[in-house]
Amino acid sequence: MKLCDAPLQKRGRVPFAISTVIGINMTGRKLTFLLLICLFPVTHAFGQSEVFKSVVNNLAFYKQKKDLKYLASAKKSVDSLIKTHKDSVDLRKNVYKAVVYSSIAYIDSLNKLKEPVTFFDQVCRDVDKLLANKRIYKYQPEMDFSRRCLANVFIRHGFGYMRLTDYYNAMSAFRQAKKYAPEFKELNAYIGYANSHLGNLIESARNYTELLKTDSTKADIIEAAANTYKAIGDTSKALQILQKGRKYLPDDRFLLLDEANIYSNKRDYSSLHGLLPKLMDQNPNNAEVAYVAANCYDHLNDFNKAESLYLRSIELNSALYEPVYNLGLLYFKESVSKHGEEESKDVARAAQWLEKANEISPNDVKCLQLLQLVYAKTGDQDQIDKINSKLKLLTNQ
């Protein structure tokens with residue numbers, strides 16, 4: 001007779017399903033989505049000329065008072081500086097224009113300033129052109145600011161598409177954001193998240209792996225990466241990620257559960273055994289965790305701990321089938337090596353719990369077959385006949 005194994009179940013929020021006998025129910029965390037921080041640049045280049053004083057002042061007023069009228073005034077001022085062809089190719093004037101226009105694109109998300117629908121696309125083209133200029137290094141802080149503004153707009157678009165479950169366009173928006181802010185590593189997580197929903201699991205795994213190269217301390221990213229690798233069947237890589245993550249976050253409950261999940265699914269009970277003290281300590285009232293621990297001790301032939309934890313699991317949730325069945329099986333296995341009164345005692349215990357398991361799942365064939373063996377030991381022919389009849393119906397024999 002084989003034990004009913006106990007792989008742990010993945011969190012419901014993860015979009016990849018696996019079949020399990022019993023799982024640990026838990027509320028998982030969601031990926032945290034952030035915007036870049038944009039600060040108005042205050043540089044020597046911006047403050048040195050009277051020509052740009054009105055633009056700079058209006059940006060400063062907006063920063064203080066958060067009133068869009070100052071951005072509108074800044075735009076009007078910078079537009080007034082570009083009247084001739086010579087003005088249109090003046091690098092500094094165009095940098096000022098990029099700062100103002102990208103600020104509006106980012107801040108005025110509701111378009112209260114009534115800009116044309118082509119406004120954002122044109123700002124992107126203008127910024128791209130400036131970034132390609134060989135002399136733009138003179139205005140690095142200003143262009144960094146503009147890049148971050150545009151990246152934030154694309155991230156905002158990406159979030160909007162995700163709310164509509166349009167992951168293709170979300171991924172496209174996040175990739176555009178990455179073009180303007182390649183230093184914002186969290187974008188790999190956003191792209192990976194969208195890829196996972198599009199079924200591009202291998203690409204998604206690569207996105208998460210790229211992010212983990214620079215930051216291995218964010219539990220939600222570690223978990224998402226591990227779950228993605230598990231979904232494509234690379235449990236070794238998933239385990240490697242979780243083990244590395246737990247070095248940085250040794251007390252994280254969900255990472256511990258995920259690592260235990262892999263060991264349980266692989267039936268690597270020796271490795272799972274090492275996690276059990278902390279697993280039980282962090283989840284003292286979780287029936288599924290108690291069952292997983294009991295099942296592990298059962299496979300490692302530690303009868304006392306297995307018995308105690310099966311009973312604990314049943315105490316916490318008497319409706320679970322597996323701990324009840326496995327406890328009956330545990331007593332039946334114990335009876336095999338005993339004789340006389342001790343054997344009869346264990347057989348009676350096995351019958352008690354297997355009958356309860358049969359009540360929970362009346363058509364479970366393995367339980368009925370084990371009850372046959374139990375009743376054969378007790379000599380209860382009436383019960384044997386009943387089970388034989390039921391098995392014939394269930395197995396069409």
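One-based numbering along the sequence shown. No experiment lies behind these values; they were computed from the predicted model shown.
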Check: Does one side chain, of Tyr96 or Glu142, offer a donor that lies under 3.5 Å from an acceptor on the other?
Finding: no
Item checked: With Asn188, the side-chain hydrogen bond (donor to acceptor under 3.5 Å, both in side chains) member among Lys178, Lys213, Glu210 -> Lys178
Note to self: Please enumerate all residues that pass side-chain hydrogen bond (donor to acceptor under 3.5 Å, both in side chains) together with Ser361, with sequence neighbours excluded.
What the structure shows: none
Only pairs under 3.5 Å count here: list side-chain donor-acceptor contacts from residues 118-132, not counting sequence neighbours, and write none if there are none.
from   : atom 1 : to     : atom 2 : distance (Å)
Gln122 : OE1    : Arg125 : NH2    : 2.9
Gln122 : NE2    : Asp126 : OD1    : 2.9
Asp128 : OD1    : Tyr180 : OH     : 2.8
Asp128 : OD2    : Lys179 : NZ     : 3.1
Asp128 : OD2    : Tyr180 : OH     : 3.2

Next item on the list: Determine, stepwise, if the pair Asp220 / Lys218 fulfils salt bridge (Lys or Arg N to Asp or Glu O under 4.0 Å).
Entry: CA-CA 6 Å; Asp220 53 349; Lys218 292 186 178 177; over 6 Å; no
Notebook entry, point to check: Stepwise, does the salt bridge (Lys or Arg N to Asp or Glu O under 4.0 Å) test hold for Asp79 with Lys75?
Noted result: CA-CA 6 Å; Asp79 286 344; Lys75 180 178 181 294; 3.2 Å; yes
Notebook entry, point to check: With Ser337, which residues qualify under side chain to side chain contact (heavy atoms under 4.5 Å, CB included), at least two apart?
Noted result: none
Notebook entry, point to check: Is atom NZ of Lys114 surrounded by more than 12 heavy atoms (other residues, nucleotides or ligands) closer than 6.0 Å?
Noted result: no
Item checked: Residues in side chain to side chain contact (heavy atoms under 4.5 Å, CB included) contact with Ser88, at least two apart in sequence or another chain -> Ile82, His85
Next item on the list: Tell me, please, which residues at least two apart from Ser54 pass side chain to side chain contact (heavy atoms under 4.5 Å, CB included).
Entry: Asn58, Ser77
Notebook entry, point to check: Do Lys112 side-chain atoms and Leu68 backbone N/O form a donor-acceptor pair below 3.5 Å?
Noted result: no
Notebook entry, point to check: Is it the case that more than 12 heavy atoms not belonging to Gln64 sit under 6.0 Å from its CD atom?
Noted result: yes
Checklist line | Partner set under side chain to side chain contact (heavy atoms under 4.5 Å, CB included) for Gln240, not counting sequence neighbours | finding: Lys237
Margin query: Quick check: is Leu316 connected to Val324 through a chain of hydrophobic side chains (ILVMFWY, heavy atoms under 4.5 Å apart)?
Written below: no
Margin query: For Pro362, is there any backbone N or O sitting under 3.5 Å from a side-chain donor or acceptor partner on Lys390?
Written below: yes
Checklist line | Side-chain donor/acceptor of Asp87 to backbone N/O of Lys83, under 3.5 Å | finding: yes
Note to self: In the structure I gave you, are the side-chain heavy atoms of Leu257 and Leu279 within less than 4.5 Å of one another anywhere?
What the structure shows: yes
Check: What do you reckon, is NZ of Lys386 surrounded by more than 12 foreign heavy atoms closer than 6.0 Å?
Finding: no
Note to self: Filter on salt bridge (charged side-chain N to carboxylate O under 4.0 Å, His left out), then keep only pairs touching residues 342-352, sequence neighbours left out; what's left?
What the structure shows: Lys338-Asp346, Glu343-Lys377, Asp346-Arg349
Note to self: Tyr297: which residues meet the ring-ring contact (aromatic ring centres under 6.0 Å, His included) condition with it, sequence neighbours left out?
What the structure shows: His273
Checklist line | Glu315 vs Arg312 side-chain heavy atoms within contact, under 4.5 Å | finding: yes
Note to self: So, using side-chain hydrogen bond (donor to acceptor under 3.5 Å, both in side chains) as the criterion, who are the partners of Gln352 when residues are at least two apart?
What the structure shows: none
Margin query: For Val99, is there any backbone N or O sitting under 3.5 Å from a side-chain donor or acceptor partner on Ser103?
Written below: yes
Next item on the list: Using the test side-chain hydrogen bond (donor to acceptor under 3.5 Å, both in side chains), find all partners of Asn200 that sit at least two apart in sequence or belong to another chain.
Entry: Asn195
Check: Can a donor-acceptor pair be found between the side chains of Tyr291 and Asn326 at a distance below 3.5 Å?
Finding: yes
Checklist line | Passing option when Tyr190 is tested against Tyr161, Phe159, Phe154, Tyr208 for ring-ring contact (aromatic ring centres under 6.0 Å, His included) | finding: Phe159
Check: Looking only at atom types and distance, does a side-chain atom of Thr209 sit under 3.5 Å from a main-chain N or O of Ala205, one as donor and one as acceptor?
Finding: yes
Margin query: Any carboxylate oxygen within less than 4.0 angstrom of a Lys/Arg side-chain nitrogen, looking at Glu183 and Arg147?
Written below: yes
Note to self: Just to verify, what does Tyr167 make a ring-ring contact (aromatic ring centres under 6.0 Å, His included) with, not counting sequence neighbours?
What the structure shows: His197
Check: Are Arg253 and Asn283 close enough that some pair of their side-chain heavy atoms sits under 4.5 Å apart?
Finding: yes
Check: With a cut-off of 6.0 Å (strictly less than), are more than 12 heavy atoms of other residues, nucleotides or ligands near CD1 of Ile202?
Finding: no
Next item on the list: For the pair Asn265 (side chain) and Asn261 (backbone), establish whether a donor and an acceptor sit closer than 3.5 Å, ignoring hydrogens and angles.
Entry: yes
Next item on the list: Measure from the side-chain N and O atoms of Ser196 to the backbone N and O of Tyr193, and report whether any donor-acceptor pair falls under 3.5 Å.
Entry: yes
Notebook entry, point to check: Any cation-pi pair here, Lys65 with Tyr70, using under 6.0 Å and within 45°?
Noted result: no
Notebook entry, point to check: Between the main-chain N or O of Ala287 and the side-chain N or O of Ser313, is there a donor-acceptor pair closer than 3.5 Å?
Noted result: yes
Note to self: Can you confirm whether the side chains of Asn94 and Asp90 place a donor and an acceptor under 3.5 Å from each other?
What the structure shows: no
Note to self: Taking ring-ring contact (aromatic ring centres under 6.0 Å, His included) as the definition, give me every residue that meets it alongside Phe303, ordered by chain and number, with sequence neighbours left out.
What the structure shows: none
Checklist line | Residue pair Glu203 / Ile191, side-chain heavy-atom distance below 4.5 Å | finding: no
Next item on the list: Could you walk me through whether Ser146 and Ser102 pass the side chain to side chain donor-acceptor pair (under 3.5 Å) test, one step at a time?
Entry: CA-CA 6 Å; Ser146 291; Ser102 60; 3.1 Å; yes
